[in-house]
Visitor: 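Attaching a single structure in structure tokens format; questions to follow.
Sequence lines set the chain letters: A, B, ... in the order given, protein chains first and strands last, and positions in each chain run from 1.
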2 protein chains.
Amino acid sequence: MTGISSAQTLLKSHRQQFPALANKAYFNYGGQGPMPQASLEAIQQAYEYIQRGGPFSGEVNAWVVQEAKQTREAIASSLNVPSETITLTEDVTVGCNIALWGIDWKPGDHVLLSDCEHPGIIAGVQEIQRRFNIEVSFCLLMATLNEGDPVTVVTEHLRPNTRLVILSHVLWNTGQVLPLAEITDAVHSYASANQPVRLLIDAAQSVGLLPLNLTEIGVDFYAFTGHKWWCGPEGVGGLYVRPNALESLHPTFIGWRGIIINPSGQPEGWQPDARRYEVATSAYPLYAGLRAAISTHQQWGTQQQRYQQILNLSKYLWQRLAEIPEVIRLRKTPPQSGLVSFQLTNQSHAKLVQFLENQGILVRTIRDPDCVRASIHYFTLESEIDHLVKAIQKFC
Amino acid sequence: MTGISSAQTLLKSHRQQFPALANKAYFNYGGQGPMPQASLEAIQQAYEYIQRGGPFSGEVNAWVVQEAKQTREAIASSLNVPSETITLTEDVTVGCNIALWGIDWKPGDHVLLSDCEHPGIIAGVQEIQRRFNIEVSFCLLMATLNEGDPVTVVTEHLRPNTRLVILSHVLWNTGQVLPLAEITDAVHSYASANQPVRLLIDAAQSVGLLPLNLTEIGVDFYAFTGHKWWCGPEGVGGLYVRPNALESLHPTFIGWRGIIINPSGQPEGWQPDARRYEVATSAYPLYAGLRAAISTHQQWGTQQQRYQQILNLSKYLWQRLAEIPEVIRLRKTPPQSGLVSFQLTNQSHAKLVQFLENQGILVRTIRDPDCVRASIHYFTLESEIDHLVKAIQKFC
């Protein structure tokens, strides 16, 4: 008991670094993570520094280059990849778009998506289909939540003309974690020598949640954001581009950050690494905010330890939800991620979410499957989960 | 004298709202404007609000929609256009890319640029040339700084297959202001009935500097940023899309902000207005920062009054530079904008910029033409200009 209560004391002290946690029970990490005070302060200090030294000066301009470099390095370290593979973007969706539009599409090329991708990504693929006359099809992974093998489902849908497979590492609706290394192997094995099949991963729900080694997994494009499980500021994300995919992925939205210029100011090539996909002026002060958020989590434990704690707490919520007769849990086995989705047999999901928000408990609805999603982070309290369960019971 | 000195007192009090002006003589508004304290505070307050009410909640999500709406409205009001024509972007370059990639290019289409466009934009056009096999040519506007007619130069370079003309409203290197209404008329008159010629304007140096009525000018696409002459935070800009050009300009980078979804969460169309080009999560707290910056300038005077003051002060710098024998001013007549560019007959421009930065005077070099650029805002002091001129004299 001493060990547990001292861990609880440590956790409560750790949580005090997140101002947003003070006045509510928070279960929307999959939407946006609460920023630690250190992030907010780092952003503030960056603004002050920029105004003091510039804003536009040789000194500040050199500092911006260093800030971007350090941020790519912090991200790369978490993903176990070289920092040259990281592009800084505004959000996960921009990262997906860089991969989508950078392929030299030919009419008749095939793109395979799962049925659990975000509507914004689907709309982007549909626009590429319209412009380049490609084929688009979907494989049904939602149905593999409780039975079946996602690797088999994906593999069965590959075609000789498949050039890109788009999946999420953690499915945003059901919380299922796809076996990415196995899928990547299967997809890459299917490719012919002269036409690779690339794998683009929407990592909105995996970065900051799962321990990751992208070098080992071997995925081609991995798009993520800093503002969900990393709890960084909204407006900073990134894209990992596997080194052997860099030369064949062309920059689309282009600006001064991605190019090199000659002495007379004319463009004469791309940056040698994944910086080539960065465009122009961004909200640079936020870079320090993201790094501070990543550091804050590392103070509590390794990514592996944090993931284990997320699993423990998610399992606890999943178990407790079984006590409410009107609740149907989407998963028949304990969660693999921090996303716990459930349905009500007799009530509107939107009404439950509003009922809970009115008393300071934040969850969200998902449209497909029609359900409610609660997110659990490593610093969620068991008492918060008890509070959520009690409120759902009351609503039902 | 009483009127002048009371104006000087008012100006000094107005300048105190900009912390960056306290410790230097600032002449890099064309690079980045110093943020008013009200902007910094609005950003801080927005972060606090988001953390208090969310960060992800029904309340905060509704607030974000309102913040974006109010920001499009504030921008639209300054440009004299309906707010439905405004897309919020990360920067001016993203706005240019939306216009560049949204046209349904056919092999053999022609794009005309001036020889004064930013290298990032040139690189983007070159990538479109490579992908779609279009023709690209340049018209020489740099040479019209002191003689000749830009309207004639542009018109002479139009071809029957021209589909897009790309120009800057204020040339970033020489500070020349192009007669945009006349050029737009000439370009649109050249178009055939079934193939319009569109005009994309890089407005990096004009928004926040010139009084603007884009509805009257009739330009098709006008891309701008909030962080230069408006003195807003880096990382927020926008694109104006003329209503009759909206349907033919296809979204390229696509995300949830640009689409509408049906009850089962599937994409089923674009937003009805220029929001269709917005992608996904941005640094929302900065929107309030930009609006606060725009308001701060309005407290001092109308855009017309601010522009007149910029012209007065630029002329003063231009006149005083004539006192230094080693200085060649690019313009033979007083400036039309806040950009004053000059060359040294006997010294390195980079060394002058470094020499000045060492004593807290900020200007920048330009590579083509090889020169030094000093920017003047409406709140620049005559004494700052005197200080700059004296330091250049000392260096020479």
Side-chain angles (χ1 to χ4, degrees), chain A residues 19-20 23 28 31-35 40 43-44 47 51-52 54-59 90-94 97 101 118-120 122-124 126-127 131 225 227 233-235 250-256 259 261 263-267 279-284 286 353-354 357 362 364 367-368, chain B residues 19-20 23 28 31-35 40 43-44 47 51-52 54-59 90-94 97 101 118-120 122-124 126-127 131 225 227 233-235 250-256 259 261 263-267 279-284 286 353-354 357 362 364 367-368:
Chain A
N23 65 344
N28 274 337
Q32 181 166 349
M35 287 170 70
L40 294 160
I43 292 170
Q44 180 79 1
Y47 275 114
Q51 299 303 314
R52 196 166 57 243
F56 189 99
S57 64
E59 182 200 322
E90 197 177 11
D91 50 53
V92 56
T93 312
V94 166
N97 275 281
W101 291 93
H118 204 278
I122 297 170
Q126 288 172 340
E127 177 65 12
R131 291 205 201 179
T225 174
H227 83 298
E234 56 272 67
H250 303 285
T252 304
F253 277 20
I254 290 162
W256 57 265
I259 62 172
I261 58 173
S264 49
Q266 294 301 302
V279 181
T281 306
S282 297
Y284 305 126
L286 309 193
V353 169
Q354 188 58 58
E357 181 160 341
L362 298 184
R364 66 164 289 176
R367 293 199 189 190
D368 185 28
Chain B
N23 66 345
N28 274 336
Q32 181 166 351
M35 286 169 71
L40 294 160
I43 292 170
Q44 180 79 1
Y47 276 114
Q51 299 303 314
R52 195 165 58 242
F56 188 98
S57 64
E59 181 200 323
E90 197 177 11
D91 49 53
V92 57
T93 312
V94 166
N97 275 281
W101 291 93
H118 205 277
I122 297 170
Q126 287 172 340
E127 177 63 13
R131 291 204 201 179
T225 175
H227 83 299
E234 55 271 67
H250 303 286
T252 304
F253 277 20
I254 289 162
W256 56 265
I259 61 172
I261 58 173
S264 49
Q266 295 301 303
V279 182
T281 306
S282 296
Y284 305 125
L286 309 193
V353 169
Q354 188 58 58
E357 181 159 341
L362 298 184
R364 65 163 291 174
R367 294 199 187 189
D368 184 28

Visitor: Under a 4.5 Å heavy-atom cut-off, does chain B meet the side chain of A:Glu357, its backbone, both or neither?
Guide: side chain
Visitor: Check each atom of A:Arg364 against the heavy atoms of chain B and say whether the ones under 4.5 Å are side chain, backbone, both or neither.
Guide: side chain
Visitor: Pick one of side chain, backbone, both or neither for B:Glu90, based on which atoms fall under 4.5 Å of a heavy atom in chain A.
Guide: both
Visitor: Go through the steps to decide whether A:Gln126 and B:Ile254 satisfy the test side chain to side chain contact (heavy atoms under 4.5 Å, CB included), and finish with yes or no.
Guide: CA-CA 10 Å; A:Gln126 288 172 340; B:Ile254 289 162; over 6 Å; no
Visitor: Going from CH2 on A:Trp256 to OG1 on A:Thr281, what distance comes out if it is rounded to the nearest 0.5 angstrom?
Guide: 5.0 Å
Visitor: Between A:Gly58, A:Ser282, A:Pro19, A:Gly265, which shows the greatest number of heavy-atom pairs under 4.5 Å with chain B?
Guide: A:Ser282
Visitor: Checking B:Thr225 against chain A: side chain, backbone, both or neither under 4.5 Å from a heavy atom?
Guide: neither
Visitor: In terms of heavy-atom pairs under 4.5 Å with chain B, which of A:Leu40, A:Ile43, A:Thr252 leads?
Guide: A:Thr252
Visitor: Where the side chain of B:Glu234 meets the backbone of A:Tyr284, is there a donor-acceptor pair that is under 3.5 Å apart?
Guide: no
Visitor: What distance separates B:Asp91 CG from B:His227 NE2, expressed to the nearest 0.5 Å?
Guide: 8.0 Å
Visitor: So, the side chain of A:Asn28 versus the backbone of B:Phe56: is there a donor-acceptor pair under 3.5 Å, distance only?
Guide: yes
Visitor: To the nearest 0.5 Å, what is the distance between CD on A:Glu127 and NE2 on B:His250?
Guide: 6.5 Å
Visitor: Using non-hydrogen atoms only, which part of A:Leu362 is less than 4.5 Å away from chain B: side chain, backbone, both, or neither?
Guide: side chain
Visitor: Relative to chain B, which segment of A:Glu59 carries a heavy atom at a distance below 4.5 Å: side chain, backbone, both, or neither?
Guide: both
Visitor: With chain B as the partner, which of A:Arg131, A:Gln354, A:Gln44, A:Gln266 has the greatest number of non-hydrogen pairs under 4.5 Å?
Guide: A:Arg131
Visitor: Using heavy-atom distances under 4.5 Å, tell me whether B:Ser264 contacts chain A through its side chain, its backbone, both, or neither.
Guide: backbone
Visitor: When only pairs under 4.5 Å are counted, which of B:Val279, B:Val353, B:Ile261 shares the most heavy-atom pairs with chain A?
Guide: B:Ile261
Visitor: Which answer fits A:His118, side chain, backbone, both or neither, if we ask what part of it has an atom under 4.5 Å from a heavy atom of chain B?
Guide: side chain
Visitor: Identify which of A:Gly33, A:Ser57, A:Gly255 forms the greatest number of heavy-atom pairs closer than 4.5 Å to chain B.
Guide: A:Ser57
Visitor: Atom CG in B:Leu286, atom OH in A:Tyr47: separation rounded to 0.5 Å?
Guide: 4.0 Å
Visitor: Sort out for me which of A:Pro55, A:Ala283, A:Pro263, A:Gly54 touches chain B most, counting heavy-atom pairs under 4.5 Å.
Guide: A:Pro55
Visitor: So which of B:Pro251, B:Gly124, B:Pro119, B:Pro233 has the biggest tally of heavy-atom pairs under 4.5 Å with chain A?
Guide: B:Pro119
Visitor: How far does CH2 of B:Trp101 sit from CG of A:Asn97, to the nearest 0.5 angstrom?
Guide: 12.5 Å
